[in-house]
Number of protein chains: 2
Amino acid sequence: MPRPSQNTDQQLVEAARDLMRSAGISQLNLRQVAKKAGVNLGMFHYHFKTKEAFTRRVLQETYDKFFQEFTLESSKDGETLGQLRGALVALGKFAVRNRRMFLAILHDVLNKDKVVLDFVKTNIPRHGEVIVGLVRKCQKEGSLRKMPLSSVMPFLMGTNALPAMMLSMMEHLEIKRVRFIPLKLIAFEIASEKAIENRVDLALSALRPLTIQSKSRRGR
Amino acid sequence: MPRPSQNTDQQLVEAARDLMRSAGISQLNLRQVAKKAGVNLGMFHYHFKTKEAFTRRVLQETYDKFFQEFTLESSKDGETLGQLRGALVALGKFAVRNRRMFLAILHDVLNKDKVVLDFVKTNIPRHGEVIVGLVRKCQKEGSLRKMPLSSVMPFLMGTNALPAMMLSMMEHLEIKRVRFIPLKLIAFEIASEKAIENRVDLALSALRPLTIQSKSRRGR
DNA sequence: CCAATAATTATACGGTCGTATAATAATTAA
DNA sequence: TTAATTATTATACGACCGTATAATTATTGG
């Protein structure tokens, strides 16, 4: 018996997600969103009351799937070092492939958005624990040198996370070339599977025992 | 014969630099800056005309001090590998010490703040070039393995940049502990000079020639 | 002391933004 | 057809921000 809804709430959310990709959630402009969605400005108050509630819903829909998508299921068989390598490569590939999303998350984290914060706080540790466990096991087995985790972990995490972020940021800023080299080429060299694996091997080789210095396992 | 200046321009710049550290340039509020400086709002227009001109000056003064430090520490004499190590350590210390500001700048970059973007685009390459030059020289001299720069550079840059960023972000989010370990302790282990040097040595050792595997130079 | 000059203050203009609300439109059960 | 209910529109309020300006203050050479 009421007037039927035209799902303006969903239209607004989707328009916002589009705009978010280029500008970030922090500088989302409600009038702009409404215009893009072809929906009246007043619908924000009708559906969501406040901007915070609205952005919460936008972020919810954006990040929900993203975080569930990635699970570090390390294969239980093989050497522990090989397992660690596999986990790091998987993490690296995921980071590189979803680099734009990572940058967006970073952006939202810096804006102290509560929704994103909750996601990050619950999801990052989960993956971290897997890596930590494997590193410890390797250290006990002697395949990695004994070093404090506070040194090892940031080092390992940085090997692929930072290249992915740097690349994503350059793309974000639409930088055309670095040192006269086209970004496209650099992107390939940074984001290729081989490059990701190489960086992991590079990092692991640095952590191996000093006595038996050798290349860490190569090839896929 | 005129009324003497109370250097309100400088007071404003310094107040802004303080505020910038916590929130970044992009969300700098002129009324807030004026209040912190104890200077009248109108002085902005008197001294700088526009906000953009003001933030440009703020950034300039902030950066100039940094660059002086960097060039000083990375141009000492000795082996090329030692120079590279010095430059990386200087950069690392710099990144770790000013991690809060780095995060703020990152925030501004993501917000596509025009002033900050101009700055980053013109100044970051300068630091990169120094490192690139040293890496190449090391590779020619044989103290580093020959590898494509596109692999080496992100790897080297990541060793200290990411730990610094991770730490700063955790502080930013007021995370109290990681894996039951107080953040203060972790901060010390990540940000100490020794830790910074260790990470550089770790990274460099991974890049050394495979035949003559040895620890990269230690000590300060 | 006075005129000239530069620095500082108080205040407001115009714009943008999130929010709010009264009026109106569309639908269906009765 | 009408009453009831929900959705949508047009519009405005109030706060904030960068910018602008007229008035006021402090200083010094003549």
Side-chain angles (χ1 to χ4, degrees), chain A residues 1-20 22-60 107-108 110-116, chain B residues 1-20 22-60 104 107-108 110-119:
Chain A
M1 90 186 66
R3 177 175 179 176
S5 170
Q6 292 172 41
N7 297 321
T8 49
D9 56 338
Q10 202 55 35
Q11 289 175 252
L12 288 171
V13 169
E14 273 155 30
R17 292 216 298 168
D18 257 25
L19 291 171
M20 210 187 78
S22 55
I25 196 96
S26 58
Q27 40 198 46
L28 211 55
N29 180 306
L30 294 190
R31 280 173 174 80
Q32 194 184 345
V33 174
K35 190 175 180 183
K36 184 178 178 77
V39 169
N40 191 280
L41 176 66
M43 297 315 282
F44 281 111
H45 183 254
Y46 182 72
H47 285 301
F48 308 101
K49 295 285 180 249
T50 69
K51 184 184 186 182
E52 187 185 327
F54 174 66
T55 54
R56 187 170 304 263
R57 166 99 170 263
V58 172
L59 290 173
Q60 189 85 30
H107 196 172
D108 295 329
L110 287 175
N111 281 318
K112 293 199 183 188
D113 184 282
K114 280 180 196 163
V115 183
V116 186
Chain B
M1 100 184 58
R3 177 176 178 176
S5 171
Q6 293 171 42
N7 298 321
T8 49
D9 56 337
Q10 203 56 34
Q11 290 174 251
L12 287 172
V13 168
E14 273 155 29
R17 293 210 311 176
D18 258 25
L19 291 171
M20 201 190 87
S22 53
I25 284 241
S26 52
Q27 41 198 52
L28 214 53
N29 179 306
L30 294 190
R31 280 175 173 80
Q32 193 185 346
V33 174
K35 189 174 179 182
K36 184 178 179 77
V39 169
N40 190 279
L41 176 66
M43 298 312 282
F44 282 110
H45 184 254
Y46 183 74
H47 285 300
F48 308 102
K49 295 284 181 251
T50 68
K51 183 185 185 181
E52 186 182 321
F54 173 66
T55 53
R56 185 160 276 128
R57 164 102 171 260
V58 171
L59 209 55
Q60 186 76 43
H107 195 176
D108 295 327
L110 288 174
N111 278 327
K112 296 197 183 187
D113 183 283
K114 196 178 162 237
V115 181
V116 176
L117 268 176
D118 283 350
F119 247 89

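Because only heavy atoms are used, hydrogens play no part in the values below, and waters and symmetry mates are left out as well, while side chains stay in. So you know, we letter chains A, B, ... as the sequences are listed, proteins then strands, and number each from 1. Everything numeric here is computed off the predicted structure, so don't read it as measured data.
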Integer-rounded Å distance: dT19(C) P and Phe54(A) CZ: 11 Å
Whole-Å distance between dC17(C) P and Lys51(A) NZ? 9 Å
I want to verify a distance call: between dT19(C), dC16(D), dA26(D), whose nearest atom is closest to the Asn29(B) side chain? dC16(D)
Which residue lies more 5' along DNA chain C, comparing Met43(B) with Phe44(A) via nearest heavy atoms: Met43(B)
Rounded to the nearest 0.5 Å, what separation is found between the CD1 atom of Ile25(A) and the NZ atom of Lys51(A)? 8.5 Å
Considering only side-chain heavy atoms of Arg31(A), which listed nucleotide, dC17(C), dA12(C), dT9(D), is closest? dC17(C)
Whole-Å gap separating C1' (dT6(D)) and CG (Asn7(A)): 14 Å
Counting distance alone, no hydrogens or angles: does the base of dT25(D) have a donor or acceptor under 3.5 Å from a partner atom on the side chain of Arg3(B)? yes
NZ of Lys112(A): more than 12 outside heavy atoms within 6.0 angstrom? yes
Establish, with yes or no, whether the OP1 or OP2 oxygen of dT19(D) is under 4.0 angstrom from a side-chain nitrogen or oxygen of His45(B). no
Within-4.5 Å side-chain heavy-atom neighbours: Phe48(A) and Val58(A): no
Toward the 5' end of DNA chain C, by each residue's nearest nucleotide, Gly42(B) or Ser5(B): Ser5(B)
Would you say the side chain of Lys36(B) lies within less than 4.5 Å of the side chain of Glu14(B), judging by non-hydrogen atoms? no
Leu30(B) atom CG is separated from dT19(D) atom P, nearest whole Å, by 7 Å
Considering only dT8(C), dA12(D), dG18(D), which nucleotide approaches the side chain of His47(B) most closely? dT8(C)
Measuring to OP1 and OP2 of dT8(D), would you say a side-chain N or O of Thr8(A) lies under 4.0 angstrom away? yes
Integer-rounded Å distance: dT16(C) P and Gln27(B) CD: 21 Å
Mind running side chain to side chain contact (heavy atoms under 4.5 Å, CB included) on Met20(A) and Leu59(A) for me, showing each step along the way? CA-CA 10 Å; Met20(A) 210 187 78; Leu59(A) 290 173; 4.0 Å; yes
Please state how far atom CG in Leu28(B) lies from atom C1' in dC17(D), giving the value in whole angstrom units. 12 Å
Can you tell me how far P of dA23(D) sits from CG of Asn40(B), to the nearest Å? 17 Å
To the nearest Å, give me how far apart CG (Asp9(B)) and P (dA6(C)) are. 16 Å
Leu41(B), nearest nucleotide to its side chain (from dT9(D), dT19(D), dC17(D)): dT19(D)
